[in-house]
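Each ligand, and each atom within it, is numbered from 1 in the order the structure gives. We use all heavy atoms of the structure for the numbers below, so side chains are in, but hydrogens, waters and symmetry mates are not.
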Amino acid sequence: MAEQNFPTGDLMKGKRGLIMGVANKNSIAWAIARQLAAQGAEIAFTYQGEALLRRVKPLAESIGSDILVECDVTDDATMDNTFATLKDKWGKIDFLVHAIAFAGKDQLAGSFVDNTTREGFKSALDISAFSFVDAARRASEIMNDGGAMVTLTYLGSERVVPNYNVMGVAKAALEACTRYIAADLGPRSIRVNAISAGPIKTLAAAGIGSGRHMFKFNKAASAMQDNTDPMGVAGAALYLLSDLGLSCTGETHHVDGGFHAIGMPQEGPLREAME
Ligand code: NAD
């Protein structure tokens, strides 16, 4: 991500929360963290294993955060420890950001029907969809005065995107989970939404076959004829996680330069991009 200045203010002042899914400075979760911190939020982070701590620690420190907990969402003990740590340090939290997905590389290329295995399917759905249900339940237990949650999804849930394959199915499940969680937690004033971001160059995106084609095509075919800026995704997260988002829940909000709205792209830019 290019060096950018996130709008400062007090929209998150007095709010504390957990961000799950920062791997490095290009992570969407990191753009969200910077935007929330610029608006006064106090943030705790999880990281997936020692190797990533090296990258996540200096980032967290740069925004004054000293709560970093190792967490693999497939490991109940680390999930228990994450939320126990937050309860211990803060007593309660106000927001949760879930920016976690995984599917094996062999599941993200070629024919969906031929290449999707039982194990690949289970693990993609477990890590990319169930983990939000699990984290949301645990987070809600320490949200005493209402709260807000956001997860990250992609259009491959609604339409076929080459090579996205089982991850598209996992994202469809994640969006449905968002609505069910929103209904369960709504009476407690906890809002739960998903952001459907356009393609952004991150570690996770690099795992998808035909990545370069995806960026070119999105740029040419979106309403704005541009790629998605992580800052726009972070701005949407700020809206949904702050009191600005009052009454908004169970929503999947697209931040993709209007790509999702286009039925038939303009011929000129598309032809140029494809040449
Ligand atoms: P990223 O690689 O920076 O982040 C993915 C994160 O998932 C990493 O921090 C990784 O450690 C974590 N993760 C994977 N398996 C885990 C596990 N078992 N336990 C704990 N953490 C685990 O990539 P990103 O693109 O910032 O991805 C964040 C979210 O945004 C994902 O849900 C992704 O599907 C979604 N998304 C990405 C794009 C894009 O184009 N990059 C577009 C739309 C949605």
Side-chain angles (χ1 to χ4, degrees), residues 1 18-34 45-56 59-60 68-79 81-82 97-105 107-108 122-132 134-135 149-159 161 163-175 177-178 194-208 210-215 217-219 222 227-234 236-237 252-257 259-260:
M1 193 193 345
L18 175 65
I19 297 192
M20 308 177 80
V22 178
N24 57 40
K25 66 178 174 40
N26 299 319
S27 295
I28 296 175
W30 176 239
I32 294 173
R34 287 182 64 193
F45 293 92
T46 57
Y47 61 93
Q48 186 197 5
E50 279 301 313
L52 288 183
L53 179 61
R54 205 164 43 85
R55 299 199 184 281
V56 181
L59 295 176
L68 277 122
V69 195
E70 182 169 357
C71 181
D72 184 316
V73 295
T74 62
D75 178 351
D76 285 334
T78 64
M79 287 290 276
N81 180 48
T82 298
V97 175
H98 171 275
I100 287 175
F102 176 80
K105 232 181 158 126
Q107 306 290 294
L108 296 172
K122 275 201 216 166
S123 120
L125 272 281
D126 182 18
I127 296 172
S128 316
F130 175 72
S131 68
F132 186 45
D134 195 24
M149 305 182 184
V150 157
T151 187
L152 270 302
T153 185
Y154 174 59
L155 191 72
S157 61
E158 302 167 57
R159 316 224 195 117
V161 172
N163 301 317
Y164 202 61
N165 296 5
V166 73
M167 189 53 76
V169 178
K171 291 302 193 192
L174 178 68
E175 290 168 25
C177 291
T178 300
I195 298 174
S196 184
I200 291 171
K201 286 184 179 145
T202 63
L203 214 59
I208 301 160
S210 75
R212 273 188 56 206
H213 171 71
M214 190 153 109
F215 286 105
F217 184 82
N218 271 264
K219 182 165 180 174
S222 69
N227 281 128
T228 298
D229 191 325
M231 211 165 162
V233 179
T252 297
H253 175 62
H254 294 85
V255 180
D256 62 356
F259 183 88
H260 71 284

- Between the main-chain N or O of Met231 and the side-chain N or O of Arg34, is there a donor-acceptor pair closer than 3.5 Å? no
- Message: Restricting to non-hydrogen atoms, name the atom on Leu152 and the atom on Ala99 that form the minimum distance, rounded to 0.1 Å.
- Response: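 The answer is CD2-CB, 4.0 Å.
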- Task: Check Ser157 against Thr153 and note the closest heavy-atom contact, atom names and distance.
- Result: OG-OG1, 4.3 Å
- Please work out which of the three classes, parallel, tilted or perpendicular, describes the rings of His98 and Phe132, given edges at 30° and 60°. tilted
- Item | Contact check, side chains of Ser196 and Thr252, non-hydrogen atoms, under 4.5 Å | yes
- Message: Is the shortest side-chain heavy-atom distance between Ile208 and Tyr164 below 4.5 Å?
- Response: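 Yes, their side chains come closer than 4.5 Å.
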- Message: Residue by residue, ordered by chain and number, which ones reach under 4.0 Å of ligand 1 with a heavy atom?
- Response: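 Around ligand 1, where the cutoff is 4.0 Å for heavy atoms, the contacting residues are Gly21, Val22, Ala23, Ser27, Ile28, Gln48, Leu52, Cys71, Asp72, Val73, Ala99, Ile100, Ala101, Phe102, Ile127, Leu152, Thr153, Tyr154, Lys171, Ala197, Gly198, Pro199, Ile200, Thr202, Leu203, Ala204, Ala205.
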